[in-house]
Amino acid sequence: MLKIYSTMSRKKETFKPMQGNRVKLFVCGPTVYDDSHIGHARTYISFDIIARYLQYRGYSVFYLQNITDIDDKIINRASELGVAPLDLARKFEKRYLEDMRALGVDHVNLHARATEHIPEIIAQIETLIEKGFAYETDTGVYFDESKFPDFGKLSRRNIQDLNIHRVNPDNTKRNPGDFALWKKRDEEPFWDSPWGNGRPGWHIEDTAITEEYLGQQYDIHGGGLDLIFPHHEAEIAQMESVSGKAPMVRYWMHTGFLNVQGEKMSKSLGNFITIQDMLEKHDPETFRFFVLSTHYRSPIDFSETALEQSKNSLERIYKLIETIDEALESDIPQSNDNDADLNDKLTEIKKQFIGAMDNDFNTPKALSVVFNYIRDVNRELDEANISKSILIGIKNFLMEFGAVIGIDFKRRICADDKTRDLLEVIVEVREKLREKKDWELSDHIRSKLKELDFILEDK
RNA sequence: GCCAAGGUAGCUUAGAGGCGAAGCGGUGGACUGCAGAUCCAUUACACGUGAGUUCAAAUCUCACCCUUGGCUCCA
């Protein structure tokens with residue numbers, strides 16, 4: 001039975017989709033004004049694994065993500081660079097999508113741009129005005145926080161506290177905490193609206209997009225911890241006011257922050273790492289493993305040593321797959337007396353794996369289950385007490401596990417055909433030397449190959 | 001100030017009243033010409049401090065110490 005921790009209740013709740021086994025999942029996408037960083041990667045890998053696991057458990061998942069391609073940050077950055085805001089947004093959207101592909105994050109079914117949903121945004125704002133939740137001033141249209149008493153229910157704050165902290169109150173607003181639905185602007189880019197030229201506020205694009213594709217109520221809404229307030233709070237206020245229905249979503253899921261060597265990642269500290277920077281030094285698989293070795297809600301600390309540990313741990317799984325493949329090509333028996341026991345064991349491990357993941361996607365626990373099993377399998381292999389039929393079952397399980405965490409354990413071979421042929425020749429020659437017990441020269445070849453990043457291991 | 005999350009072996013992380021965790025790393029052994037991988041053993045009487053509840057506390061309660069984060073730019 002799958003349980004999901006919901007930020008709304010601050011408890012693990014039994015997961016039950018609104019509609020049979022269909023899961024409607026929305027995760028807040030990036031504002032595309034700069035390259036994505038490894039914190040984004042953490043969040044989107046986490047939700048990628050969550051979507052994958054839901055599918056593994058038999059749910060039919062529709063995973064929707066917005067692209068915020070109109071926003072003050074985009075406009076500011078574009079004017080610094082002297083380019084058109086929408087051109088800048090397209091450029092970074094493209095880079096974002098490339099980064100995600102490189103990381104194996106590929107379970108989003110639909111990306112929806114804010115600027116392609118202006119009519120839906122305007123319609124929602126009109127409804128909010130009609131229902132008395134929003135009002136127009138000289139500078140824009142604002143959501144009237146005082147009309148939505150539930151404001152703050154997700155972040156557990158009260159409106160009084162919030163009003164103290166408002167930094168630059170727009171003095172046309174009724175309450176300091178009221179937030180913009182529509183900003184009246186005559187500078188590009190702007191769209192025509194019932195309130196004149198302008199552009200949407202920050203929060204409205206998500207509710208317009210989710211209402212369009214998922215409806216007024218849906219199953220899971222995800223994002224980084226930093227979005228709880230004010231972004232998700234504003235979304236709830238907008239959507240529940242528009243629809244008159246609550247809750248807007250049944251499960252609110254938030255990922256913890258990624259820190260760099262114990263500190264928050266920020267440009268001023270000089271520890272800001274983009275996904276592209278990170279991928280120059282590390283495999284995407286290593287980074288995915290690093291992400292899933294910590295629970296998605298906990299903070300995770302990025303460091304070179306942590307990545308090194310992840311790389312080495314991951315190696316253990318690759319190694320076992322290789323060993324199994326070799327065993328399958330050898331002349332071990334198709335089946336033996338030990339099969340029944342080992343089959344039971346495998347069934348038990350699968351159960352434990354599902355048990356771990358069903359507990360709010362506890363990937364570290366799932367890993368420990370898998371690693372425990374790997375040691376057992378290695379022992380059986382060492383004792384040569386295992387049949388082909390069992391090995392096939394084990395390999396299938398490992399590959400299935402890989403599919404859930406988004407890592408293909410079939411090792412990628414990067415070398416081209418010619419290089420591979422050349423390596424074959426070298427290995428063959430070295431084998432001859434070893435037959436002649438010319439250890440000095442064969443060790444020399446092995447160490448030279450290692451300098452070129454080819455690891456040669458004798459049986 | 002207000003609100004969170006956390007302090008578990010050398011490192012990274014799970015667990016959340018009884019059955020002593022997983023990986024990485026170190027050391028020793030088996031195997032190997034050597035190395036690597038693998039296995040075994042060990043590092044390891046693990047749970048921030050002090051009190052309390054309990055037959056039983058890493059887990060519950062209280063106090064305290066420390067760390068990090070949020071408080072309308074944020075994944």
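Quick caveat, the model's predicted, so the values are computed rather than measured. Numbered from 1 within each chain, the chains take letters A, B, ... in sequence-line order.
Under the salt bridge (Lys or Arg N to Asp or Glu O under 4.0 Å) criterion, A/D358 pairs with A/R57, not counting sequence neighbours.
Phosphate proximity of B/C40 to A/R379: present, with a side-chain N or O under 4.0 Å from OP1 or OP2. The side chain of A/S298 places an N or O atom within less than 4.0 Å of a non-bridging phosphate oxygen (OP1 or OP2) of B/A14.
In this pair, A/F289 and A/F371 present their aromatic rings perpendicular. The plane angle is above 60°, beyond the 30 to 60° band.
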Per-nucleotide protein contact along nucleotides 22-31 of chain B, 5' to 3', at a 4.0 Å heavy-atom cut-off (B base, S sugar-phosphate only, - neither), is SBBS------

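Distance OG1/A/T31 to NZ/A/K73: 4.5 Å, rounded to 0.5 Å.
Protein atom CD1 of A/I228 is 15 Å distant from nucleotide atom P of B/U72, rounded to whole Å. Atom pair A/L320:CG and B/G36:P shows a separation of 20 Å (rounding to whole Å applied).
The side chain of A/D443 lies closest to B/G33, out of B/G33, B/G70, B/A75. Listed nucleotides B/A75, B/A37, B/G33 differ in distance to A/K319; the shortest reach to its side chain belongs to B/A37. Candidate nucleotides B/C34, B/C39, B/A14 were compared by shortest atom distance to the side chain of A/N378, and B/C39 ranks first. With B/G70, B/A14, B/C34 as the candidates, the nucleotide lying closest to the side chain of A/N362 is B/A14.
A/R42 contributes no side-chain N or O that forms a donor-acceptor pair with the base of B/A75 under 3.5 Å.
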For A/Y213 and A/H117: C-alpha separation, side-chain torsions, deciding distance, then whether ring-ring contact (aromatic ring centres under 6.0 Å, His included) applies. CA-CA 11 Å; A/Y213 299 104; A/H117 297 80; 5.5 Å; yes

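Distance check on atom P: B/A14 versus B/A22 gives 16 Å, rounded to whole Å. Separation of the C1' atoms belonging to B/G18 and B/A57 is 10 Å when rounded to the nearest angstrom.
Between A/E136 and A/K184 there is a salt bridge, with a side-chain nitrogen of the basic residue lying less than 4.0 Å from a carboxylate oxygen of the acidic one.
For residues 366-378 of chain A, the salt bridge (Lys or Arg N to Asp or Glu O under 4.0 Å) pairs, not counting sequence neighbours, are A/K345-A/D376, A/D376-A/R379.
By the 4.5 Å heavy-atom criterion applied to side chains, A/V377 and A/I374 are not counted as neighbours.
Against the 90° criterion about 0, the sugar-base torsion of B/C34 places it in the anti range.
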